[in-house]
Every structure is written in C-alpha cells, then in structure tokens.
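Not measured: the values here are computed from a predicted model. As a basis for the values below, the full set of heavy atoms in this structure was taken, side chains included, without hydrogen atoms, waters or symmetry mates.
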Amino acid sequence: MIAVRLYGRKDCHLCDEVQGLLEDLRAEYPHELEVVDIDQSEELQQKYGISIPVLEVGPYTLRAPISPSELKMTLGAAQDRVRQIDKLAELELEQISILGGTWTRADGFSLWLSNHYVAIINFFVVFYLGLAALAPVLMSYGMERPANLIYRAYGFVCHQLAFRSFFLFGEQIVYPRAAAHVEGLLTFNQATGMSEGSQAADIYAAAHFEGNEYVGYKIALCERDVAIYTGIFLFGIIFSLTGRRISTLPWYLWLALAIAPVGLDGFSQLLSQPPLSFLPFRESTPMLRTLTGGMFGFFTAWFGIPTVEESMAETRNIMSAKWRRVRNITASGAG
C-alpha cells in the first residue's frame with residue numbers, strides 16, 4: 001500500500017481539495033494518508049509555510065498547486081514502484097524456499113550495506129580530506145618523508161598549486177596570486193619571495209612549493225577540491241539526520257546549482273590563461289573557488305545520494321523479508 005503524507009494546516013482550502021482528490025482516487029490507488037499540521041512545529045512552518053499543501057507520495061514530493069492529473073500520475077508511479085518491490089521480494093522468497101531458507105554472509109553484508117552506506121560514504125570523504133590535511137601537520141613536525149608521500153599521492157588527482165591552496169600553521173590561510181586582486185592579503189609571490197616569471201615557471205614553482213615555517217604548509221588538495229568534498233560530507237550528514245527522507249534534486253537544478261557555477265568560474269579562468277588565452281586574463285579568488293566547489297559537492301551529493309537510497313531501500317525491503325522468512329523457517333523446523 002502507498003504511504004501518503006500531507007503537510008498542511010487548518011482552514012486551508014487547497015489542503016481540503018487535495019484530501020478530496022485523494023479520497024476520490026483511494027479505490028483506484030489504495031493508500032494510507034497521514035495529515036501533518038505544520039502549525040504544530042516551528043520547523044515545519046519554516047520549511048513548508050509558504051508552499052502548502054505539500055504531498056509526499058512514497059519517494060515523490062508534490063507542492064501546490066497540485067492538479068488531479070499530476071496527483072493521479074504520481075500515485076500511479078508510486079503504486080508501480082510498490083508492486084515492483086513486492087514482486088522482487090516474492091521472487092526472492094521463492095528462491096529462499098528452493099534453497100531451504102538459508103541466510104548467507106552475502107545476505108548479511110547486503111543488509112548491512114543498505115543500512116550504513118551513507119556512513120561509509122561520509123567515512124571515506126572524511127578520511128580523504130583528513131589525509132590531505134595531515135600532510136601540513138606532518139611537515140610542521142619535521143616529518144617530511146611521510147608528508148611528501150601524501151603530497152605525491154594526491155598530486156595524481158589535484159594540481160596542488162600553492163596560490164590556489166589552503167595553508168595551515170602560517171600567517172594566512174591562503175596566498176592568492178596578485179592577479180586575483182584580493183585586498184588585505186599577501187600574495188603568493190610576496191609571501192614566498194619568488195619573483196614572477198613565465199606562466200610555465202610560475203605553475204611549476206607553485207605546484208612544487210609545499211610551504212615553510214613562515215607561510216605554513218599547504219593542504220594536499222586545492223581550495224576547490226577541499227570545498228567539493230566538504231560539501232559532499234555536509235549533505236551526507238544532513239541526509240542522515242533527516243532520516244534519509246530528502247528527495248533527489250531535479251536534474252535541471254543540479255545543472256543550475258552545481259555544474260553552472262563551477263563551470264563558469266573554472267572554465268573562464270582556464271580559457272583566459274596561457275596556453276589558451278581565448279578570454280581576457282582572469283584569476284579566480286579563494287572565496288569563489290571555495291563557494292563554487294562547495295556548491296558543486298553539496299548539490300551533486302543531493303542529486304546522487306537520494307537516488308542511491310531508492311536502490312538501497314529496495315535492498316533493505318528484500319533482505320528484511322528474506323531474514324523474516326529464514327527465521328520463520330528455522331522456527332518451524334525447530335518446532
């Protein structure tokens with residue numbers, strides 16, 4: 001049966017209309033309706049106050065205005081999804097019966113993974129960022145050999161340009177190029193004493209400069225990469241805290257909020273500098289790189305992780321059904 005949740009409030013004629021539509025469609029699309037009064041919670045008022053009625057139909061969300069055709073189509077999609085899950089569960093149960101009701105390690109791992117995949121993603125993101133931040137910590141304690149191993153390893157996935165990186169244990173957290181025109185900060189050349197040369201020479205020097213005791217030591221990932229993975233981690237935390245109930249970000253919003261900003265900032269900079277130089281010379285700022293990187297990471301995670309959740313939810317349903325079946329078979333055999 002379809003689970004339907006209606007967010008509304010008393011004396012809301014649009015909410016009453018939606019309830020009427022649902023009642024008219026109940027025979028064709030059986031469902032369980034839960035009505036939530038947003039005025040009972042300040043958090044719900046802030047979230048839904050200007051958009052009620054809001055209807056959650058299984059994994060799908062509808063916002064006012066909700067037309068009869070749109071509601072019918074969504075109920076149909078949710079019903080088809082429930083049927084597919086039930087069919088998969090039935091096939092799995094038939095297989096269990098043929099096998100005599102066995103629960104394997106692979107089954108246990110599948111159930112565990114479907115319940116903890118967000119925590120696993122967050123763990124690897126934190127580990128990846130933490131290892132990059134460990135490099136300057138090791139450098140500050142004079143442990144250059146293990147720090148250099150980290151810098152070299154991350155050098156395969158990041159340019160590590162010092163004037164586009166965060167620094168720890170120095171006077172500033174960033175040392176941008178003079179061309180970025182960031183007021184109030186020493187530029188990379190001013191802080192390091194390096195004289196500006198050719199584009200190739202500047203890039204080589206910045207990529208291989210790890211830092212010193214005066215300016216600090218750079219993190220092994222650039223500003224944009226640090227922001228990207230931080231954005232992924234933040235969405236993973238929010239997604240977990242909300243009970244994994246956040247719907248997938250529509251593709252057009254993903255393009256607008258994730259791809260477009262980082263593309264405009266990154267490619268306009270790339271196309272303006274040698275060897276391309278198709279546009280007037282431009283160097284992005286640490287703030288822009290961090291902002292667009294963070295948006296890319298956060299909204300890409302919003303676009304991807306809820307989609308993974310749909311698959312994992314099906315796995316949880318199937319594995320849970322199998323576990324109950326195995327337990328019943330075991331209990332019947334023991335009796």
Side-chain angles (χ1 to χ4, degrees), residues 1-9 12 14-15 18-19 21-22 25 29 31-38 41 43-86 88 113-122 125 228 231-261 294-318:
M1 184 172 290
I2 307 168
V4 178
R5 177 177 293 176
L6 173 62
Y7 292 97
R9 55 164 47 105
C12 169
L14 290 179
C15 304
V18 171
Q19 288 193 63
L21 292 174
L22 286 169
L25 294 169
Y29 303 101
H31 59 270
E32 292 182 356
L33 176 62
E34 177 189 0
V35 179
V36 179
D37 185 353
I38 66 170
S41 167
E43 180 181 353
L44 291 177
Q45 287 179 0
Q46 294 177 354
K47 187 175 182 180
Y48 299 115
I50 62 173
S51 55
I52 60 168
V54 175
L55 201 63
E56 291 182 352
V57 183
Y60 311 110
T61 301
L62 297 176
R63 296 178 182 273
I66 300 173
S67 66
S69 59
E70 184 181 22
L71 178 57
K72 186 173 182 178
M73 182 175 61
T74 304
L75 286 169
Q79 187 178 72
D80 289 341
R81 184 174 181 274
V82 170
R83 288 172 177 170
Q84 290 173 4
I85 292 173
D86 291 342
L88 288 172
L113 180 63
S114 66
N115 281 310
H116 299 93
Y117 73 96
V118 179
I120 294 171
I121 292 173
N122 286 342
V125 169
I228 287 172
I232 294 172
F233 174 74
L234 288 176
F235 180 80
I237 293 296
I238 294 172
F239 192 63
S240 296
L241 293 176
T242 55
R244 295 182 290 206
R245 294 182 58 84
I246 299 176
S247 301
T248 300
L249 185 72
W251 65 268
Y252 52 89
L253 290 180
W254 174 65
L255 290 177
L257 299 174
I259 301 299
M295 291 177 66
F296 177 82
F298 186 87
F299 291 113
T300 296
W302 191 344
F303 179 70
I305 292 179
T307 302
V308 175
E309 168 60 19
E310 292 185 18
S311 176
M312 291 297 180
E314 293 180 2
T315 299
R316 285 195 298 273
N317 290 335
I318 293 171

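- In this structure, Ile318 CD1 and Ser114 OG are separated by 10.0 Å, a value rounded to the nearest 0.5 Å.
- In this view, Ile246 and Phe235, Ile238, Phe239, Thr242, Trp302 satisfy the side-chain contact (heavy atoms from CB on, under 4.5 Å) rule, not counting sequence neighbours.
- Closest heavy-atom contact between Pro306 and Ala301: CD-O, 3.5 Å.
- Residues in residues 53-63 take part in these salt bridge (Lys or Arg N to Asp or Glu O under 4.0 Å) pairs, two or more places apart or across chains: Glu56-Arg245.
- Atom CG of residue Leu234 and atom CZ of residue Phe298 lie 7.0 Å apart, to the nearest 0.5 angstrom.
- Under the side-chain contact (heavy atoms from CB on, under 4.5 Å) criterion, Val36 pairs with Arg5, Tyr7, Glu34, Leu44, sequence neighbours left out.
- A pairwise comparison of heavy atoms in Gly297 and Ile232 identifies O-CG1, 3.4 Å as the closest pair.
- Here the closest non-hydrogen pair linking Glu70 and Pro65 is OE1-O, 3.7 Å.
- Of the inter-residue distances, the one linking Asn115 atom CG with Arg244 atom CZ reads 6.0 Å to the nearest 0.5 angstrom.
- In terms of heavy atoms, Pro53 sits closest to Ile66 at O-CD1, 3.9 Å.
- When all heavy atoms of Ile52 and Gly8 are compared, the pair lying nearest together is CG2-CA, 4.1 Å.
- Within the 4.5 Å cutoff, no side-chain heavy atoms of Lys47 are placed close to those of Val54.
- From Leu55, atom CG reaches atom CG of Leu21 across 10.0 Å, with rounding to the nearest 0.5 Å.
- Of all heavy-atom pairs between Met295 and Leu257, the closest is CE-O, 3.3 Å.
- Note that CD of Gln79 is 11.0 Å distant from NE2 of His31, once rounded to the nearest 0.5 Å.
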Begin with the C-alpha distance, continue with both residues' side-chain angles, and end with the deciding distance and a verdict on side-chain contact (heavy atoms from CB on, under 4.5 Å) for Leu249 and Phe299.
CA-CA 8 Å; Leu249 185 72; Phe299 291 113; 4.0 Å; yes
Between Leu75 and Leu71, does a side-chain contact (heavy atoms from CB on, under 4.5 Å) hold up when you go through it step by step?
CA-CA 6 Å; Leu75 286 169; Leu71 178 57; 4.0 Å; yes
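- At least one donor-acceptor pair closer than 3.5 Å links the side chain of Thr307 to the backbone N or O of Phe303.
- Within the model, atoms CG of Leu113 and CZ of Arg316 stand 10.5 Å from one another, a figure rounded to the nearest 0.5 Å.
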